[in-house]
Q: 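Dumping the structure here so I can ask a few things about it.
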Amino acid sequence: MTAVSVALLALFVLTIAVLVIRNRRNKFATPLEKATFGTLHTVALAAPALRDGLSPRSAAFALPYLRTLLDTCALTMTDKNANTLAWDGDADQHEPDVRALAEQVISTGRQQVLSHGNLRCDHPNCEVRGIFVVPLESDGKIIGTLGALTTSTAGPVLMRATAEVGRYVSSQLELAELDESRARLNRAEVRALRAQISPHFVYNALTTIASFIRTDPNRARELLIEFADFTRYSFRTAGEFTTLAEELNNIHRYIRLEKARFGDRLNIKLQVAPEVLSVVLPFLALQPLVENAVRHGLANKPNGGTITITAENAGAECVIIVEDDGIGMDPARLHEDLEDAHMSGAHVGLGNVDDRMRSTFGDDFGLVVDTAPGAGMKITLRIPKYRAGVRA
């Protein structure tokens, strides 16, 4: 979506919010304000379904509201193959006419009109006097059409109004496509992160468990159960978000498996405010940060060290800090590693989490990393307590 489209959408949201407030206070100054509120309110009712994408369900839900705007006897949507998705209103005997016009719109990219003089209808008492069909577009491609049937003479005002409604529908469908693209990207990044878990952790965990089979069978059994629970959670398919409580439970499993390998060289401290345990964040957002602390911060330190995880309540946000007292590193080197993480594999978990945080919450919510040689590493995440579309 272009910057202009985003600005117009923001203006639309602000306008309707102001009008809703004034409506509740019964302080509309003019009939025009009342009409404006009615129009914007109707448009807003159609938006949620359209944000799910173009489908028979979304079309059937949105069409009655959109038909109210145009005041036509019927309104319909087709897909990119000119197949009817839904029809609201009367005169469905003209569906073949609409589909024929839709095929022309899809092939030419231009709106089509069938006026009264060219309409042929054997249906008794048919009052249809004109049909308009306009394209629905997303990312510069025609993905369907919107068709309006009118009982009045097909004129330029209704033609222009239908085109404007078509552009509004297109903007909502483009937002839906952006949402889906973001979701596909997040799913791909989670798959990449899961692939990264395998070589860096699974081999060491299984080797450690194997070492206990003869010397301490009971502990080997407990660790094997922990490993099974860890992998079950890490490779689950139920959504791209989770709660802080679930993420911390998985970190507990990870630390218990790593402590079996490192012994007293690895310690962990948790300072978590109970009221933020239900905060929703991207799936596998914390475990890679803890794994980074173990692999790059503490594994090469002779006496090991401590990882401290803090989660604080900060008004509309939750602030999470993952800190270790390991060997640290040069910030410039870390920046270079993150730039090339997809090629070198160094700190790929940090880069992955940073990308998904920014994709989900915006660029202001990327990771903040403080480190220096010999000074450990501190990673800070800010998680909004509420963000539309983000739920576990």
Side-chain angles (χ1 to χ4, degrees), residues 5 38-39 42-177 180:
S5 299
T39 300
T42 301
V43 168
L45 291 174
L50 296 173
R51 287 293 298 274
D52 288 337
L54 189 61
S55 67
R57 178 183 173 277
S58 63
F61 185 92
L63 282 175
Y65 298 112
L66 300 177
R67 188 162 74 92
T68 299
L69 292 178
L70 295 173
D71 192 26
T72 56
C73 65
L75 200 64
T76 182
M77 285 188 195
T78 75
D79 61 16
K80 62 182 179 181
N81 297 315
N83 297 316
T84 302
L85 296 174
W87 185 288
D88 186 71
D90 302 321
D92 56 357
Q93 69 272 15
H94 285 289
E95 182 179 359
D97 297 321
V98 174
R99 293 185 62 180
L101 292 177
E103 290 176 353
Q104 296 180 44
V105 170
I106 293 166
S107 63
T108 64
R110 295 191 297 270
Q111 64 183 26
Q112 300 293 323
V113 180
L114 190 61
S115 59
H116 178 58
N118 297 318
L119 276 172
R120 300 289 181 267
C121 184
D122 297 328
H123 196 275
N125 303 319
C126 178
E127 297 182 351
V128 174
R129 295 295 179 267
I131 302 175
F132 303 97
V133 180
V134 299
L136 300 177
E137 300 181 44
S138 178
D139 195 26
K141 299 177 181 178
I142 296 178
I143 59 173
T145 68
L146 176 72
L149 289 79
T150 177
T151 57
S152 59
T153 303
V157 175
L158 184 57
M159 184 186 303
R160 192 177 304 116
T162 304
E164 290 300 327
V165 170
R167 275 191 279 271
Y168 166 74
V169 173
S170 294
S171 70
Q172 296 303 304
L173 295 175
E174 192 164 85
L175 287 172
E177 179 61 28
E180 177 58 26

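Since this is a predicted model, take the numbers as computed values, not measurements. The residues of the chain are indexed from 1 along the displayed sequence.
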Q: Can you confirm whether Trp87 sits close enough to Leu149 that some side-chain heavy atom of one is under 4.5 Å from a side-chain heavy atom of the other?
A: yes

Q: Could you measure the distance from the NZ atom of Lys141 to the CD1 atom of Ile106? Nearest 0.5 Å is fine.
A: 14.5 Å

Q: Would you compute the distance between atom OG1 of Thr84 and atom CG of Asp92 and round it to the nearest 0.5 angstrom?
A: 10.0 Å

Q: Measure the CG-OH distance between Leu75 and Tyr65 for me, rounded to the nearest 0.5 Å.
A: 14.0 Å

Q: Decide yes or no on side-chain contact (heavy atoms from CB on, under 4.5 Å) for Leu146 and Leu63, but give the supporting numbers first.
A: CA-CA 9 Å; Leu146 176 72; Leu63 282 175; 4.1 Å; yes

Q: Within the side chain of Thr145, is there an N or O that forms a donor-acceptor pair under 3.5 Å with the backbone of Val134?
A: no

Q: Hey, does Met77 have a side-chain heavy atom less than 4.5 Å from the side chain of Leu66?
A: yes

Q: Search all heavy atoms of Cys126 against all heavy atoms of Gln93 and return the closest pair with its distance.
A: SG-NE2, 3.4 Å

Q: Run the side-chain contact (heavy atoms from CB on, under 4.5 Å) test on Phe61 and Arg57 for me, step by step, so that the C-alpha distance in whole Å, both residues' side-chain angles and the decisive distance to 0.1 Å come before the verdict.
A: CA-CA 6 Å; Phe61 185 92; Arg57 178 183 173 277; 5.8 Å; no

Q: For Thr76 and Glu95, what are the C-alpha separation, side-chain angles and deciding distance, and is it a side-chain contact (heavy atoms from CB on, under 4.5 Å)?
A: CA-CA 9 Å; Thr76 182; Glu95 182 179 359; over 6 Å; no

Q: Compare every heavy atom of Leu70 with every heavy atom of Leu158, then report the nearest pair and how far apart it is.
A: CD1-O, 3.9 Å

Q: Check this for me: Asp79, atom CG, are more than 12 non-hydrogen atoms of other residues, nucleotides or ligands nearer than 6.0 Å?
A: yes

